[in-house]
Number of protein chains: 2
Amino acid sequence: MNIGEIAKRAGVSRSTVSYALTGKRPVSVETKRRIQAVIDELGYRPNAAARALKEGRTRTIGLVIPPASQRLTDMQLTFVASVVDAAARADLDVLLSPSGGEHDRSFERIVTGRRVDGVILMEIRLEDERVARLRHSGLPFVGIGRTRRPEEMSWVDIDYETLIARCVHHLADLGHRHVALINRNAELVAVGYGPGHRAQSGFEHAVAERGLSGVQVCCGDDAQSGQACVEELLARHGELTAIATINEAAVAGMYRGLSRAGLAVPRDFSIVGVAARHWAENLHPPLTAADVPADEMGARAVELLIQRIADPPAPHRHHLAAPPISLRGSTGPARRGGPA
Amino acid sequence: MNIGEIAKRAGVSRSTVSYALTGKRPVSVETKRRIQAVIDELGYRPNAAARALKEGRTRTIGLVIPPASQRLTDMQLTFVASVVDAAARADLDVLLSPSGGEHDRSFERIVTGRRVDGVILMEIRLEDERVARLRHSGLPFVGIGRTRRPEEMSWVDIDYETLIARCVHHLADLGHRHVALINRNAELVAVGYGPGHRAQSGFEHAVAERGLSGVQVCCGDDAQSGQACVEELLARHGELTAIATINEAAVAGMYRGLSRAGLAVPRDFSIVGVAARHWAENLHPPLTAADVPADEMGARAVELLIQRIADPPAPHRHHLAAPPISLRGSTGPARRGGPA
DNA sequence: TTGTACGCGTTATCAC
DNA sequence: GTGATAACGCGTACAA
């Protein structure tokens with residue numbers, strides 16, 4: 001079913017059908033009605049490829065995600081969901097592209113094949129070749145996360161540096177003197193994953209400012225690793241009384257490790273972090289955490305992208321989220337003398 | 001950058017460039033080399049829309065997911081990830097479409113706008129209008145899940161009926177006499193969600209076969225609901241000693257509810273279910289469960305879809321997975337006299 | 001309102 | 001065997 005067939009059956013020209021549909025030229029009510037009747041009868045919809053070819057835009061955005069093989073975190077998933085939702089509201093389709101690893105063909109297809117009007121890039125590194133690639137291509141894009149030179153692109157991000165600093169201050173206020181930062185997995189941090197590095201920086205500054213002793217470790221993004229990580233931390237640094245973390249997926253395991261060591265949260269040990277709200281609430285005890293507004297950020301990213309597509313030369317815009325820490329049940333006063 | 005520009009700079013005609021790229025006609029090595037040099041220099045890639053328009057195929061598949069607003073379960077996410085991964089390996093892009101709720105425009109765009117060569121449909125109901133819609137449209141599609149009339153379409157699915165029956169038999173073998181089935185959320189079951197109904201059926205049959213007493217309840221897909229659900233079950237049915245469930249997202253909460261009631265798993269109470277392996281392993285204690293091979297199933301779905309696209313009139317194919325129950329730490333002999 | 005050129009890659013057809 | 005020409009797919013938008 002194409003526009004010519006509709007035109008023939010309605011007894012008008014192809015362009016009249018097009019105008020009747022787009023409304024870019026007035027068409028008599030009677031003609032419009034007749035055309036619509038034929039369209040409804042045959043279930044016609046314009047061919048997306050033909051329209052894209054002519055208009056030069058696809059009404060589709062690309063969403064570049066970390067390779068699917070390495071399981072996405074809950075927060076990342078919330079980003080994906082909110083981006084898809086926001087895009088659907090704007091009548092945009094979303095093309096998914098796993099990047100990194102062996103899937104660079106997918107990324108290349110999307111960027112150079114003009115398959116999308118713009119791209120949202122997740123899991124950005126401080127030095128990210130995909131950003132360089134997109135900048136060079138001229139395709140509008142927005143990052144969920146930012147590189148080392150944030151002014152070179154549009155992005156939405158979480159202010160991990162500030163948030164982790166706040167976590168440390170919160171712990172210090174509660175009297176904790178020996179705190180640990182549990183970061184995301186070592187590979188991610190090693191390749192320059194921004195949040196990991198910014199969390200380190202925030203941690204170091206705050207620890208210095210409050211005169212605490214601080215230790216930093218990386219930890220796999222799952223419960224098992226969280227447990228192992230805590231067990232090792234307790235073994236090597238018996239003086240610790242609190243943990244700050246950006247590794248939400250590992251928190252359940254940390255709780256388990258503490259419990260195994262005979263430490264009750266928050267009585268004997270405190271944990272505070274940065275996490276998606278529903279994730280923090282579903283832990284036991286609920287995690288005192290800065291609640292990342294992931295769904296709002298996804299929507300914001302789509303919004304920024306739509307603007308960039310509409311007006312590419314416009315200056316870059318940024319949105320840095322620094323949500324307050326929600327007090328739940330996982331932090332308490334440092335126990336005199338520390339655990340055990 | 002279009003093919004004409006490449007042809008001009010390489011000093012050949014457009015068709016020669018096309019033939020050099022597609023290999024559908026021999027082109028001299030020297031010419032091919034010159035063309036490739038220009039392509040590399042300018043970074044040319046054929047316009048996907050033009051190619052789709054001419055070829056009548058988009059090299060893209062649609063993945064219809066539940067509306068993003070209602071958080072996806074871990075298993076669903078694994079399906080998405082594995083589909084994206086498998087599609088990328090086959091050089092196919094994936095267009096995501098949230099269906100249901102207010103997002104039916106997205107589904108319609110995909111189906112009637114010829115934006116994809118085929119569709120993978122998730123979260124299928126016993127009576128599913130999207131299946132009817134797709135069958136009517138003639139667009140190749142494969143279900144992850146199946147309707148009441150499974151022969152009318154191609155699908156991969158999990159044999160919840162058999163698996164839940166196996167769970168019940170496992171519990172019966174351990175001496176449990178009073179067991180409960182905790183289903184997915186009530187809305188899902190109410191609208192005819194297949195796994196929910198098939199699990200019920202398998203549960204009822206097995207309970208009858210073994211002469212047990214069984215109670216069934218629906219439960220929201222999150223830990224909080226799981227906890228509330230277990231607390232209510234224990235209050236109303238003090239004789240229960242075991243639970244079988246297909247609601248993996250709620251299991252952590254069930255553990256919590258049991259623990260609050262002073263019941264240790266597996267000493268005082270057993271839980272067995274159907275879940276993604278890594279999910280079952282990450283629970284504490286690890287869940288004895290039939291491990292759904294979600295990644296393999298996603299890949300299989302893509303495979304079936306590729307075949308359907310290549311040969312639409314071919315008979316439908318199906319793949320029903322019934323993985324064995326992996327014994328972990330969550331089930332044990334029924335305690336004499338039951339709990340408390 | 002209508003005729004028609006255009007966007008761009010593919011491929012059948014014709015020429016060397 | 002190799003290269004060039006032109007038609008095609010289909011919706012859009014300008015000129016008439």
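The chains referred to below are lettered A, B, ... by the order of the sequence lines, with proteins before strands, and numbering in each begins at 1.
- Side-chain to base pairing of T16(B) with dT2(D): no donor and acceptor N or O lie closer than 3.5 Å to each other.
- In this structure, L53(B) and A50(A) approach most closely via the heavy-atom pair CD1-CB, 3.7 Å.
- Here the P atom of nucleotide dG11(D) and the CZ atom of R115(B) are 14 Å apart, to the nearest Å.
- Among the protein residues, V27(A) comes within range of the sugar-phosphate backbone only, with heavy atoms under 4.0 Å from sugar or phosphate atoms but none that close to a base.
- Atoms NZ (K8(B)) and C1' (dT5(D)) sit 17 Å apart, rounded to a whole Å.
- In this structure, I3(B) places its CD1 atom 13 Å from C1' of dA4(D), rounding to the nearest Å.
- Between R51(A) and G11(B), the one whose closest nucleotide on DNA chain D sits nearer the 5' end is G11(B).
- Atom pair K24(B):NZ and dA12(C):C1' shows a separation of 13 Å (rounding to whole Å applied).
- K54(A) has no side-chain polar atom (N or O) that falls below the 4.0 Å cut-off from OP1 or OP2 of dC6(C).
- With rounding to whole Å, K32(B) atom NZ is found 14 Å from dG3(D) atom C1'.
- Taking 4.0 Å as the cut-off between side-chain N and carboxylate O, D117(B) and R57(B) do not count as a salt-bridged pair.
- Here dC6(C) presents its P atom at 17 Å from CG of L53(B), a figure rounded to the nearest Å.
- In this structure, of dA6(D), dA13(D), dG9(C), it is dA13(D) that holds the atom nearest to the side chain of S15(A).
- Straight-line distance from the CZ atom of R57(B) to the P atom of dG9(C): 16 Å, rounded to whole Å.
- Scanning both residues, H318(A) and S154(A), for their nearest heavy atoms gives CD2-CA, 4.1 Å.
- Note on S28(B): only backbone sugar-phosphate atoms sit closer than 4.0 angstrom, heavy atoms only; bases stay farther off.
- Under 4.0 angstrom from either OP1 or OP2 of dC10(D) there lies at least one side-chain N or O belonging to N2(A).
- Atom CD in E55(A) sits about 15 Å away from atom C1' in dC8(C), given to the nearest Å.
- Comparing R14(A) and R25(A), the nucleotide of DNA chain C nearest to each residue sits closer to the 5' end for R25(A).
- Remark: the backbone N or O of R149(A) is paired with a side-chain donor or acceptor of T147(A) at under 3.5 angstrom.
- The shortest distance between the side-chain N/O atoms of Y19(A) and the OP1/OP2 oxygens of dT2(C) is not below 4.0 Å.
- Taking side-chain N and O atoms only, T31(A) has a distance below 4.0 Å to OP1 or OP2 of dT1(C).
- With hydrogens and angles left out, the side chain of S13(B) and the base of dG3(D) share no donor-acceptor pair within 3.5 Å.
- Electrostatic pairing of R125(A) and E129(A) does not count as a salt bridge here, judged by no charged N lying under 4.0 Å from a carboxylate O.
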